[in-house]
Amino acid sequence: MSRYDASVIEQKWQAAWNEAGSFTATRDESKPKYYVLEMFPYPSGRIHMGHVRNYSLGDVIARYKSSCGFSVLHPMGWDAFGMPAENAAMASNGHPKDWTYTNIETMKDQLRPLGFSIDWTREFATCDPEYYGQQQSMFLDFLEKGMVYRKAATVNWDPVDMTVLANEQVIDGKGWRSGAAVERRELTQWFFNISDYSEDLLNALDGLDDWPDKVKSMQRNWIGKSTGLQFAFSLVDGPHGHDRVDVYTTRPDTLMGASFVGISPDHPLARQLERENEDVAAFCAKCRQMGTSEEELETAEKLGFDSGLTVLHPFDTAWELPVYIANFILMDYGTGAIFGCPAHDARDLEFARKYDLPVNSTFEPVEAEDHVAPENGGEAYVPPKPQPVRYIRGFAGDEIQTGDAGIASAVAFCETNGVGQGITKYRLRDWGLSRQRYWGCPIPVVHCEDCGVVPEKKENLPIRLPDDVTFDVPGNPLDRHPSWRNCDCPRCGKPARRETDTMDTFVDSSWYFARFTAPRADTPTDRAEADYWMNVDQYIGGIEHAILHLLYSRFFARAMNECGMLPDKAREPFDALFTQGMVTHAIYQTTREQDGRPVYHYPEEVDLKDGKAFLKEDGREVQIVPSAKMSKSKNNVVDPLAIIESYGADTARWFVLSDSPPERDVEWTASGADAAFKHLGRVWRLTSEIAALDDGAGKGDADLTRAMHRAIHDVTMGIESFGFNAAIAKLYAFTNTLAKSDAGGAAKRAAAKVLAQLMSPMTPHLSEECWQMLGGEGLVTGHPWPKADEAMLVEDTVTLPIQINGKRRSEITVAKDLPKDAVEKLVLDDAAVQKALDGGAPKKLIVVPGRIVNVVV
RNA sequence: GCCCGAGUGGCGGAAUGGUAGACGCAGCGGAUUCAAAAUCCGCCGGUAGCAAUACCGUGGGGGUUCGAGUCCCCCCUCGGGCACCA
């Protein structure tokens with residue numbers, strides 16, 4: 001072999017690793033363990049560059065930690081339940097199971113050539129009955145502990161297809177297939193009691209030192225702890241059984257500015273009025289013609305309906321406020337009712353102006369000169385709570401105080417006057433896990449006419465999904481299956497019916513990390529294995545999972561701990577979290593003549609020239625749309641397999657790790673991949689040249705050795721801090737130094753061996769090959785990581801830039817430990833400084849030792 | 001609408017509050033070659049200048065500081081999430 005041939009090298013070393021069992025994780029109590037996990041993929045059918053990046057990042061860590069002497073667990077599995085499989089089945093008359101397992105095989109075949117250090121013996125898919133059976137067993141434990149319960153909840157209902165829709169299946173308020181206006185409908189559903197853990201989930205965030213602040217911040221806001229006042233307005237002449245409206249507010253200090261009360265269309269009072277009044281019924285029906293997502297609710301036009309009822313203000317019984325039914329108030333939040341204070345809430349102000357309701361400020365800015373009060377046409381005045389304001393209609397307390405103090409005064413005043421009480425609330429709602437779909441984990445309960453809801457017996461698990469189902473009509477195939485739902489009541493033995501709801505796929509992904517510690521155990525976990533391998537030392541995945549998946553997993557870890565399946569330390573299952581950016585690519589777009597709709601072209605259909613793009617087919621110019629997430633619908637996907645075939649896995653890995661910092665989005669460019677390949681070829685050539693050198697000393701030995709230790713230090717720091725792009729920049733620099741060095745063969749060989757080691761987490765195949773050429777012992781995989789000699793890192797002189805008034809004007813080179821006053825003297829003698837001073841004395845002279853000097857004149 | 005990020009040369013990006021543009025790509029010039037590919041060497045933010053050098057420059061506008069890409073305030077644009085996409 002006379003040139004770098006990735007296909008030969010990569011197959012050779014993958015076979016060697018397999019034979020050596022290099023990546024099989026073994027519980028070895030004598031060694032420290034390291035569990036590195038990337039978020040497992042959904043088996044969509046093809047791996048994409050995002051996967052390559054995600055697993056390359058994890059593989060660097062796994063291989064590095066292995067070289068550092070850890071017993072490493074680096075598993076892989078499949079998040080295999082979910083809607084796309086059912087959609088595919090509908091589209092192609094196939095079966096979700098076949099589609100899913102075929103995809104898994106395809107994707108595994110695509111992943112394997114990348115040479116990741118994955119322990120494939122632990123692989124599983126969440127749709128394996130062995131996995132979901134353990135999940136059912138866990139569900140029964142949770143049920144027994146009172147952590148799962150049933151209640152009514154709203155879903156998106158497609159009235160034409162007679163089926164429940166996911167939020168993404170609701171497009172502009174219409175069902176994606178039928179096009180019918182979607183309605184909100186209530187169903188009885190299963191819920192996990194995650195909200196009981198609100199305080200714990202919130203407080204424990206403070207201990208997650210190695211999580212990104214942005215993720216913790218998003219979770220804090222999601223949990224949404226608030227303190228406020230809960231109280232009741234008494235209803236004037238309410239319908240039978242309704243004499244009050246309970247309200248929760250975080251701004252009780254604005255109570256004297258209340259101008260209306262709003263209730264949800266699903267509020268019991270609204271429901272009552274709906275029965276009595278056709279107009280109310282029509283309005284409520286209209287409100288329900290909308291999806292359930294918060295985004296849709298918040299962006300929809302705010303509509304209200306005057307119920308005709310009034311309530312009394314708690315502090316002035318002569319003051320009556322109208323009660324509106326409003327489409328933006330959700331029954332699931334708080335009490336399903338609010339009071340509106342238009343002066344201090346933008347949404348309430350919009351509402352008040354629309355329905356001509358009064359606006360009364362309760363406070364104004366301390367400096368009020370330029371302030372246009374909302375009652376005079378200004379904007380709603382909503383200062384942050386810690387900011388002092390001047391109260392006009394406040395409660396006991398100073399006229400000028402902060403919002404926080406005003407709120408505290410209001411709560412105290414209300415409590416002493418018997419109007420409500422201060423309470424703490426959380427925005428976090430319980431987790432609804434019921435799905436009216438086939439391709440998910442069946443909920444293992446039985447409905448019996450006599451016994452009600454009865455848990456299935458554990459010895460009957462797993463409750464398997466039936467295979468003989470079709471998707472030719474909409475709706476849940478489990479519901480219409482001729483026999484599947486028929487069973488005997490586990491309690492009384494009489495004929496009963498199975499639950500046909502399946503579990504949210506977030507349940508599957510909320511404990512897979514624990515299952516990887518003992519994937520074949522006949523209980524959900526094996527405590528000895530879980531105690532050894534947990535926690536996940538480094539978890540890596542997309543920022544899009546910052547809230548739901550991670551919060552649900554944190555909840556599950558707590559629940560599993562309380563059921564004895566995980567140790568206490570695993571209540572927070574992920575010690576460190578890293579969120580990587582997406583892989584993006586430019587979109588090549590032309591416009592179809594007939595109707596002006598865009599046509600998207602694959603990158604391989606396009607030639608690039610001078611920053612412009614032309615169709616290979618007919619030379620037409622193509623519009624280049626700035627990068628977007630690689631997506632099938634935009635055709636801007638690059639197939640990793642094609643890259644591997646033309647350049648090799650190491651090139652693909654090197655490229656996705658270089659250039660962009662891992663937390664940021666990375667743009668895939670053909671030229672970048674080309675450059676990565678060239679560089680690897682250069683390393684291969686350089687190594688083969690060095691391998692042929694005779695031993696012996698050379699002039700540059702000392703310099704090269706220094707550079708080698710510097711490289712060890714810098715690259716190690718780069719890997720430790722997830723600065724892989726920076727580590728790679730250092731590797732480029734070290735390669736250049738090595739190529740230009742006039743050191744002798746012995747020093748060069750030592751340096752080249754270190755280069756192979758330092759590159760091995762990123763380009764493991766090439767590194768093995770280089771290691772072998774240089775006569776390295778055994779495999780470089782798992783070979784002890786090189787250590788930098790601290791003494792070799794110290795420089796004895798340092799170049800100090802000299803700034804004059806903050807602008808760099810000159811520099812001096814001095815001994816590293818030269819005293820400050822000696823530096824000052826040298827600086828004042830500097831020609832540029834002399835010129836700037838023009839005979840005078842500096843106003844100020846700042847010397848930052850080892851860094852910089854600034855002369856202020 | 002609400003929450004969380006990001007924005008630096010032609011491009012990807014580097015920079016504990018301390019020399020803005022490391023490293024790479026593209027481009028330009030040169031070596032090698034019959035020629036090309038490959039490889040190697042050099043230049044490479046903008047404006048002015050033969051040059052030394054000067055001024056401008058990190059999305060926009062203010063501020064703090066001896067010194068701001070970095071910290072604070074306001075704004076713009078793009079991206080992620082919003083509880084049934086995964």
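To find a chain, count down the sequence lines: A is the first, B the second, and so on, and within it residues start at 1.
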> Is the shortest distance from a Lys or Arg side-chain nitrogen in A:Arg184 or A:Glu296 to a carboxylate oxygen in the other one below 4.0 Å?
Replying inline: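 So A:Arg184 does not pair with A:Glu296 through a salt bridge.
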> Is A:Glu663 paired with A:Lys214 through a side-chain N to carboxylate O contact shorter than 4.0 Å?
Replying inline: no
Atom pair distance, as rounded to whole Å: [atom1] in [X] and [atom2] in [N]:
| X | N | atom1 | atom2 | result |
| --- | --- | --- | --- | --- |
| A:Asp674 | B:A38 | CG | P | 9 Å |
| A:Arg184 | B:A83 | CZ | P | 12 Å |
| A:Phe40 | B:A86 | CZ | P | 11 Å |
| A:His549 | B:G80 | NE2 | P | 19 Å |
| A:Glu689 | B:A38 | CD | P | 18 Å |
| A:His679 | B:A38 | NE2 | P | 18 Å |
| A:Glu168 | B:A83 | CD | C1' | 14 Å |
| A:Arg682 | B:C41 | CZ | P | 6 Å |

With [atom1] as the reference atom in both, quote the distance from [N] to [M] in angstrom, rounded to an integer.
| N | M | atom1 | value |
| --- | --- | --- | --- |
| B:A86 | B:G81 | C1' | 13 Å |
| B:U8 | B:G59 | C1' | 10 Å |
| B:C66 | B:A14 | P | 30 Å |
| B:C50 | B:A37 | C1' | 39 Å |
| B:A83 | B:C3 | C1' | 13 Å |
| B:G29 | B:C73 | C1' | 49 Å |
| B:A35 | B:A31 | P | 11 Å |
| B:G10 | B:G27 | C1' | 8 Å |

Which class fits the ring pair [X] and [Y]: parallel under 30°, tilted 30 to 60°, perpendicular over 60°?
| X | Y | answer |
| --- | --- | --- |
| A:Phe555 | A:Tyr197 | perpendicular |
| A:Phe578 | A:Phe722 | parallel |
| A:Trp439 | A:Phe81 | perpendicular |
| A:Tyr539 | A:Tyr512 | tilted |

Does a nitrogen or oxygen in the side chain of [X] sit under 4.0 Å from OP1 or OP2 of [N]?
| X | N | result |
| --- | --- | --- |
| A:Lys807 | B:A20 | no |
| A:Lys214 | B:C4 | no |
| A:Asn167 | B:C82 | no |
| A:Thr505 | B:A86 | yes |
| A:Arg429 | B:A83 | no |

Tell me what [X] touches on the nucleic acid: a base, only sugar-phosphate, or nothing, going by heavy atoms under 4.0 Å.
| X | value |
| --- | --- |
| A:Ser434 | base |
| A:Val155 | base |
| A:Trp431 | nothing |
| A:Val853 | nothing |
| A:Asn805 | nothing |
| A:Lys730 | nothing |
| A:Lys740 | sugar-phosphate |
| A:Leu428 | base |
| A:Val856 | sugar-phosphate |

>> Just by distance, no angles: are the side chains of A:Ser178 and A:Asp161 close enough, under 3.5 Å, to form a donor-acceptor pair?
In response: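 Note: A:Ser178 and A:Asp161 side chains miss the donor-acceptor criterion.
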> Do you see a donor-acceptor pair shorter than 3.5 Å between the side chains of A:Asp158 and A:Thr163?
Replying inline: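 Looking only at side-chain atoms, A:Thr163 and A:Asp158 do not form any donor-acceptor pair under 3.5 Å.
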Assigned partner base of [N], Watson-Crick or wobble definition, under 3.5 Å:
| N | result |
| --- | --- |
| B:G5 | B:C78 |
| B:C50 | none |
| B:G27 | B:C43 |
| B:U58 | none |

Which nucleotide, [options], lies nearest any side-chain atom of [X]?
| X | options | result |
| --- | --- | --- |
| A:Leu548 | B:C41, B:C82, B:G1 | B:C82 |
| A:Pro84 | B:G24, B:A86, B:C3 | B:A86 |
| A:Glu294 | B:G1, B:C84, B:A86 | B:G1 |
| A:Arg685 | B:U39, B:C82, B:C66 | B:U39 |
| A:Asn725 | B:U16, B:C84, B:A14 | B:A14 |
| A:Asn156 | B:C84, B:A26, B:C82 | B:C84 |
| A:Trp222 | B:A83, B:U39, B:A86 | B:A83 |
| A:Arg427 | B:U19, B:A14, B:A83 | B:A83 |
| A:Arg851 | B:U16, B:G42, B:C84 | B:U16 |
| A:Phe506 | B:A86, B:U39, B:A83 | B:A86 |

> Where each residue is assigned the nucleotide of RNA chain B containing its nearest heavy atom, which of A:Tyr732 and A:Ile846 is assigned the position nearer the 5′ end?
Replying inline: A:Tyr732
>> Between A:Ser293 and A:Thr799, which residue's closest nucleotide on RNA chain B lies nearer the 5′ terminus?
In response: A:Thr799
> So, is B:G9 syn or anti if syn means the angle is within 90° of 0?
Replying inline: syn
> Donor-acceptor pair under 3.5 Å: do we get one between A:Asn854's side chain and the base of B:C66?
Replying inline: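 Indeed, a donor on one side and an acceptor on the other fall under 3.5 Å apart.
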> Ignoring hydrogens and angles, are the base of B:C66 and the side chain of A:Gln803 linked by a donor-acceptor pair under 3.5 Å?
Replying inline: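 Checked by distance alone, the answer is no.
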> Say you draw a straight line from CD of A:Gln219 to CG of A:Leu202; how long is it, rounded to the nearest 0.5 Å?
Replying inline: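 If I round to the nearest 0.5 Å, the distance is 10.0 Å.
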> A:Arg353: what forms a salt bridge (charged side-chain N to carboxylate O under 4.0 Å, His left out) with it, not counting sequence neighbours?
Replying inline: none
